[in-house]
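Notes to accompany the following structure.
Heavy-atom basis, side chains included; hydrogens, waters and symmetry copies ignored.
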Amino acid sequence: MSQNEISNYVRTAEDVKKVIEHAKLSENDLKPNVQPIYFGEKFENYKLLQLDEHIMEDLKCGQTVVFKGDHNETAVLCTETKTYDVQDAETSNSILLLPELTFPDEEFNNKELTSRKVVGIFHKYFEVKPCKPRFTKLRDLLKKCSYKGSELEKEVLASNKMYTFEDLSAKIQASDNELKDALKEMGTFQIDGYWRILDFEYECRAVSFLLNLIDEQSWSYNAIPMDETLNILGELLPPVILQHIIDQYSTWCESSNLSHTHRSLIEDKVCRFMAVGLLRHCEKFNLADFKTAWQGSVPEGMVTNLKQLDGTVLVDQSSHPQTICYFNEQDLPDNIRQRFFMLFQARDKWTFNEIQPFLEYY
């Protein structure tokens, strides 16, 4: 047969019967939907993506599924609730793409031969695996537009480096639900629709205003009258910042008669913040001296303990005297291998309890 005859060749029912006979099969054991397969003259430029049942379900429900990643980042795929790592995968078998192929369990009314065309042959596909969202860039972006006081807002506005939720969603490799949780965990707030964090030095000043007021008024940290607090501190801090500090470091009193008028400081959060303030600019601190200074920095009645600082500090109990230093889990890379590398650069040996706070997220 000539090449032209081969390319125009179409299987007949007799051809199929001969194939069945050569394969030593019985026609009665086969489905009636016979589909001869032919290769198309040219293949479309498709990419194959393997999806799990959760992504498929999201697509069926009409939810958005997007790829995220800059040129210097490996791609991730995000649904509304989950993030997936995307990697090239190879298969030794050839994967044939036939858009109109009918499967055995599908209804097939036509008992005659129906030709199907192959529009692509693949030996690679994209494999997706659930992964943790990547928030290092989020912290970096928000630090560049941190709130440092009303007098410096013009400078921040001029930099044109502020972000709405939509801006962050487009830049950060995380699902929208994960991004919302991260923004809450980081203690962010909104000004004119833009997400911001407080500059640490400014936050120290704002928290000090609140703690000094409690001390001056001899209030219990478990029962802070909100009306008076808002009236007094409203002269020192912008309303949005004052409300943010109150929301971050206090909660409404559990007592029924005070539940709508008084708030209680969150002990662990306040103690942790004051510890970071003491350690942030020190390379190392004598542990005994630090404990004394730390306890003296928190409101009367609060009790400090090192457990409050899990994931924030390194304590060296082998040195003489024992020391403590600032070592924040949030400053470590998202990549787990890089994170392990930095952890073992900081310390040669770890116990499980020591390293767990720095890996708990993973």
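- Considering only heavy atoms from C-beta on, Lys180 stays 4.5 Å or farther from Leu183 through its side chain.
- For the pair Leu314 and Thr323, the minimum side-chain heavy-atom distance is 4.5 Å or more.
- Heavy-atom contacts from other residues, nucleotides or ligands closer than 6.0 Å to OH of Tyr194 number 12 or fewer.
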After noting the C-alpha distance and the side-chain angles of Cys131 and Gln173, does the key distance pass the side-chain contact (heavy atoms from CB on, under 4.5 Å) rule? CA-CA 10 Å; Cys131 68; Gln173 293 183 297; over 6 Å; no
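- In plain terms, the two heavy atoms of Pro299 and Leu265 that are nearest each other are CG-CD1, 4.0 Å.
- A continuous path of ILVMFWY side-chain contacts below 4.5 Å connects Met56 to Val86, so both sit in one hydrophobic cluster.
- Looking at Lys269, Arg263, Glu203 one by one, the single match for side-chain hydrogen bond (donor to acceptor under 3.5 Å, both in side chains) with Tyr249 turns out to be Glu203.
- Phe352 belongs to no hydrophobic cluster with other residues, because no ILVMFWY side-chain heavy atom falls under 4.5 Å from its own, directly or through intermediates.
- Residues Ile191 and Tyr147 share a closest heavy-atom pair of CD1-CD1, 3.7 Å.
- Side-chain contact between Tyr38 and Leu98 is absent, with no heavy atoms from C-beta onward closer than 4.5 Å.
- Residues in residues 46-67 take part in these side-chain hydrogen bond (donor to acceptor under 3.5 Å, both in side chains) pairs, two or more places apart or across chains: Asp52-Tyr84.
- Clustering ILVMFWY residues whenever any of their side-chain heavy atoms sit less than 4.5 angstrom apart, transitively, puts Leu141 in a cluster other than the one holding Met162.
- In this structure, the side chains of Met226 and Trp252 come closer than 4.5 Å at one or more pairs of heavy atoms.
- Lys307 meets the side-chain contact (heavy atoms from CB on, under 4.5 Å) test with Asn305, Asp310; sequence neighbours excluded.
- Crowding of Asp348 atom CG: a count of heavy atoms from other residues, nucleotides or ligands under 6.0 Å not exceeding 12.
- Of all non-hydrogen atoms in Glu267 and Gly301, the two that sit nearest each other are OE2-O, 4.2 Å.
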side-chain contact (heavy atoms from CB on, under 4.5 Å) between Lys291 and Thr304, intermediate numbers included: CA-CA 8 Å; Lys291 287 182 177 179; Thr304 59; over 6 Å; no
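- Side-chain contact between Pro333 and Met342: present, with at least one pair of heavy atoms (C-beta onward) separated by less than 4.5 Å.
- Ring geometry, Phe327 versus Phe358: the interplanar angle exceeds 60°, so the pair is classed perpendicular (tilted spans 30 to 60°).
- Considering only heavy atoms from C-beta on, Phe340 comes within 4.5 Å of Ile355 through its side chain.
- Within a 6.0 Å radius of CZ in Phe341, other residues, nucleotides and ligands contribute 12 heavy atoms or fewer.
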Could you list the donor-acceptor pairs under 3.5 angstrom formed by side chains in residues 88-96, with sequence neighbours left out?
unit_1, atom_1, unit_2, atom_2, d
Thr91, OG1, Asn93, N, 3.2
Ser94, OG, His123, NE2, 2.9

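- Remark: the Glu80 side chain and the Asn177 side chain contain no N/O donor-acceptor pair separated by less than 3.5 Å.
- A single hydrophobic cluster is seen to contain both Ile37 and Ile121, as judged by linkage of ILVMFWY side chains at heavy-atom distances under 4.5 Å, directly or through other members.
- Not a single donor-acceptor pair under 3.5 Å links the side chain of Ser169 to the backbone N or O of Glu166.
- Following chains of ILVMFWY side-chain contacts shorter than 4.5 Å, one cannot reach Leu179 starting from Phe189, and the two form parts of different hydrophobic clusters.
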Worked verdict on Ile224 versus His262 for side-chain contact (heavy atoms from CB on, under 4.5 Å): CA-CA 5 Å; Ile224 307 166; His262 290 64; 5.8 Å; no
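- Under 3.5 Å, the side chains of Thr312 and Asn328 contain no donor-acceptor pair of N or O atoms.
- Contact of the Met302 side chain with the Cys271 side chain is registered, since non-hydrogen atoms from C-beta on lie closer than 4.5 Å.
- When all heavy atoms of Lys171 and Tyr163 are compared, the closest pair comes out as CE-CE2, 3.8 Å.
- Look at Lys349 and Glu354 and you find no salt bridge, because none of the NZ, NE, NH1 or NH2 atoms lies under 4.0 Å from a carboxylate O.
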Between Arg339 and Glu329, does a salt bridge (charged side-chain N to carboxylate O under 4.0 Å, His left out) hold up when you go through it step by step? CA-CA 9 Å; Arg339 179 168 288 230; Glu329 179 272 333; 2.8 Å; yes
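- Of all heavy-atom pairs spanning Gly120 and Phe122, the tightest one is C-CE1, 3.8 Å.
- Among residues at least two apart or in separate chains, side-chain hydrogen bond (donor to acceptor under 3.5 Å, both in side chains) pairs with a member in residues 213-229 are Asn222-Ser264.
- Grouped by direct or indirect side-chain proximity (heavy atoms under 4.5 Å, Ile/Leu/Val/Met/Phe/Trp/Tyr only), Leu258 sits alone.
- Side-chain contacts under 4.5 Å among hydrophobic residues (ILVMFWY), followed directly or transitively, place Leu152 with no other residue at all.
- When only modelled atom types and interatomic distance are considered, Ser175 and Glu178 share a side-chain donor-acceptor pair under 3.5 Å.
- Within a 6.0 Å sphere centred on CD of Glu300, heavy atoms belonging to other residues, nucleotides or ligands number 12 at most.
- In this structure Arg272 satisfies the salt bridge (charged side-chain N to carboxylate O under 4.0 Å, His left out) test with no other residue, sequence neighbours excluded.
- Residues Trp195 and Cys145 form no side-chain contact, since every pair of their non-hydrogen atoms from C-beta on lies 4.5 Å or further apart.
- Hydrophobic clustering of Ile, Leu, Val, Met, Phe, Trp and Tyr side chains at less than 4.5 Å, counting indirect connections, keeps Leu77 apart from Leu48.
- Each of Arg134, Lys132, Lys129 was evaluated against Asp85; a single residue qualifies, Arg134, per the salt bridge (Lys or Arg N to Asp or Glu O under 4.0 Å) test.
- In this structure, CG in Leu49 is found 7.0 Å from CD1 in Ile55, a value given to the nearest 0.5 Å.
- Ring pair Phe200/Phe273: centre-to-centre distance below 6.0 Å.
- Rounding to the nearest 0.5 Å gives a distance of 12.5 Å between NZ of Lys117 and CZ of Phe39.
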Under 3.5 Å, sequence neighbours excluded: what are the donor-acceptor pairs made by side chains of residues 233-247?
unit_1, atom_1, unit_2, atom_2, d
Gln243, NE2, Asp247, OD1, 3.0
His244, NE2, Gly187, O, 3.1

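- Across all non-hydrogen atoms, the minimal contact from Ile324 to Phe290 is CD1-CE2, 3.7 Å.
- A donor-acceptor contact closer than 3.5 angstrom is absent between the side chains of Thr351 and Asn353.
- Under the side-chain contact (heavy atoms from CB on, under 4.5 Å) criterion, Arg205 pairs with Glu151, Tyr202, Phe209, sequence neighbours left out.
- Atom NZ of Lys137 has more than 12 neighbouring heavy atoms from other residues, nucleotides or ligands inside a 6.0 Å radius.
- Residues satisfying the side-chain contact (heavy atoms from CB on, under 4.5 Å) criterion with Ser26, sequence neighbours excluded, are Asn28, Asp29.
- For Asp70, the CG atom counts as densely surrounded, since its 6.0 Å shell holds more than 12 non-hydrogen atoms of other residues, nucleotides or ligands.
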Distance-only check: which donor-acceptor pairs under 3.5 Å involve side-chain atoms of residues 277-289, not counting sequence neighbours?
unit_1, atom_1, unit_2, atom_2, d
His281, NE2, Glu201, OE2, 3.0
Asn286, OD1, Ala288, N, 3.0
Asn286, OD1, Asp289, N, 3.1

